[in-house]
Amino acid sequence: MYLSILILPLLGSIVSGLMGRKIGVSGSHIITCTCLILSSILASVAFYEVGICGSPLSIHLNSWIDSEFLSISWEFLFDQLTDCSMFIPVLYISSLIHIFSTDYMSEDPHNQRFFSYLSLFTFFMLLLVSGANYFVMFVGWEGIGVVSYLLINFWFTRLQANKAAILALTMNRVGDMGLSIGFFALFALFGSIDYATVFSLAPFMNETAITIIGLLLLTGAMAKSAQIPLHSWLPGSMEGPTPVSALIHAATLVTAGLYLLVRSSPLLEYSSTALLVITLVGASTAFFAATCGLVQNDLKRIIAFSTISQLGYMVMAVGLSQYNVALMHVVNHAFFKALLFLGAGAVIHSFADQQDVRRFGGLINFLPFTYTCMLVGSLSLLATPYLTAFYSKDLIIELAYAQYSFSGTYAFILGSLTAGLTAFYSFRLISLVFLTVPNGSRNAYLNAHEANLAVIIPLFILALFSIFFGFVFSDLFVGIGSDFFANSLFIHPNNISIIEAEFSLPIFIKLLPAILSLFGASLAILLYHYTPNFVIELTDNSIGRKIYTFLNGKYLFDVVYNNYIISGGLHLGYMISKVLDRGVIELVGPYGLSNTLTNTGINIGKLDTGVVTTYSLYITLGLLSLLFLVFAPILIDTSLFSEIRLVIIYLAALVLVLSPSLK
Amino acid sequence: MAGPHAPGFHPHLPGFKHKFLATTLGATMWFFIFYRARKDGAKLLGWSHPWEGHGHGHGHDAHKEHQILA
């Protein structure tokens, strides 16, 4: 049953991709959706067995690589972390997005290819989270990277899509490089890359070594989970179809980095430096993305920056050693962010494919159901009390304060500010799209209409999850004393701060994020709904324009990358190609070797002069060499020379022979 | 269908089902928020503590029972 959860999406992908012409568009829809729904049902059973009944298991298929110390096998681990925290959101959301896409992509001529990619992505994501060693995980990791490229570039005739896909792939390669070196370091230190071996030996290892490994793993996670400074691929990847944005760039792929860090908790817990860096990166990313989201005008990009910001919260929670809270936020975020993206897709689709929020307005009367879904998603996102994200996001901020450390305070301040900013940009979106006066074209409003049932059902189910999931599962995931995650997570006793966060914080500190959220949301409604001219005046002076340009330009990260790093990298690559590859390496390597051998042959041939005096010279030299060989131990009474005398003679002979060829 | 548009502004306003579903979903969310606020609001605002008033034998009556038993 457990392997069927993995295989069914792969099966759907193969059938839809390779037999697309036979089965047709409807066949592709039916087969992939059925496979995903079946897989989701099996994952629910697995959740009961592994999560509720507490019986994790591992399945060893066969050996893959067996070379000296290195022993890697196709082994899968189904524990609480895999089954409960990753399988459920990945499969549920993937199933719902498959259903959503049957309507959303109905006009596209390449449905089979699209559904094949979607299912293949789901398979690789499941492979990533169920691998029992870092190598199997890396197969899934690379798999989702490749399929992500294919899906962003799905409309491959669009230049922007090409550019976004290449950017996503190359930026992820930077992280993968760090991750690969991390795996080498793991193998060098532990002699294995199995989770079980690595985690059981971690407490006995050198802290500096673990810090280096932790930072290398963080590099991989930073690229995949879009953390500063490897974040700029995520907003660009919104060029793909909206279901892709919802599945990959909100709910699943971006959580792969988080999964890597959470899975490595027994390792990270023994390096306070790595945890400090993770906290700083996470908190900075959360704040940075929220400020950028304030002034974006593309509907999907606003939600993309919101995703980066929420990922920052999750990474922050990992840095604070609160892995279970980070996981809870991963799952919660997957549900409400998928809802927001699908809602955005429904709006875009019904409004003549318009994505600029300045050209919407007044859609509450045309799309009431989509408005309600977006409102539910937004309220959940800004941690409205008792909605889903309240049970994780608020707790992360409280836990930051409860650390009573520098990094904790830094995370608390930025986390609280980010909560206010999140509320502002969420309600700016709601206000501009649904509430203000209509700003779009007349024809767009004439054709605006609510979506079909295939869109309504996923939105409704995700909305219910966004309302109830947090309350229902919070005690299981983050409740004090809950042993739900058993051995799959490890929090060092020194780093446990849930008791302080729950019982000893001042009430003002606990309520501060909620107060800031309320303030941010009210301000957004006031500014964009009631006093829009004031917003225009804000940016109608030099300072306002500069701030706007700086935030809208995403802190000019792309400018720095394009002007300095990318050009420098290209120059370095050119130099390596010209000087090293075709220069030194070829001179010393294949070209140089063949050339030397040819010249040597020619030179040896030249020795055959046919002159008797030359031959007598050779005979004399040979005799002297022989005498030297025989009497060297007596003449030169050193053991070192006696051992290498032959080498010296041969080297001297070689120099003599080859010297004409070097001219 | 294929004829000229009638004069005026005649958009596709949502049907009853969509309106009903939207109202139901919104009402569910607000009901849940206020219901939980009624149950847990005092604890959220710091007016009472989570370990108070669960009725697991730690109230005044239970204290009296302990005294009687003693």
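Every value quoted in this text rests on a predicted model; they were computed, and no experiment measured them. All values below were derived from every heavy atom in this structure, side-chain atoms included, with hydrogens, water molecules and symmetry-related copies excluded. Here is how names work: the chains are called A, B, and so on, in the same order as the sequence lines, proteins then strands, and each is numbered from 1.
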- Heavy atoms from other residues, nucleotides or ligands near CZ of A:R359 exceed 12 (cutoff 6.0 Å): no

- More than 12 heavy atoms from other groups under 6.0 Å of OH on A:Y404: yes

From [atom1] ([X]) to [atom2] ([Y]), nearest 0.5 Å:
| X | Y | atom1 | atom2 | value |
| --- | --- | --- | --- | --- |
| B:L25 | A:S466 | CG | OG | 9.5 Å |
| A:L453 | B:K17 | CG | NZ | 9.0 Å |
| B:K19 | A:E450 | NZ | CD | 11.0 Å |
| B:R36 | A:F390 | CZ | CZ | 10.5 Å |

- Message: Quick check on A:L511 against chain B: is it the side chain, the backbone, both or neither that has a heavy atom closer than 4.5 Å?
- Response: side chain

- Message: At a 4.5 Å cut-off on heavy atoms, which part of A:S380 comes close to chain B: side chain, backbone, both, or neither?
- Response: neither

Answer yes or no: is there a side-chain heavy-atom contact under 4.5 Å between [X] and [Y]?
| X | Y | answer |
| --- | --- | --- |
| A:I507 | B:L45 | no |
| B:P11 | A:F366 | yes |
| A:F468 | B:T28 | yes |
| A:Y386 | B:Y35 | no |
| A:P385 | B:L44 | yes |
| A:L379 | B:W30 | yes |

- Note on the structure: Cut-off 4.5 Å, heavy atoms of chain A, and the answer for B:W47 is neither

Looking at [X] and [Y], what are the two nearest heavy atoms and their distance?
| X | Y | answer |
| --- | --- | --- |
| B:G26 | A:T372 | N-CG2, 3.5 Å |
| B:P14 | A:P368 | CG-CD, 3.4 Å |
| B:M29 | A:V376 | SD-CG2, 3.5 Å |
| B:H18 | A:A451 | NE2-O, 3.3 Å |

- Task: Mind running ring-ring contact (aromatic ring centres under 6.0 Å, His included) on B:F32 and A:F471 for me, showing each step along the way?
- Result: CA-CA 10 Å; B:F32 179 71; A:F471 174 70; 5.6 Å; yes

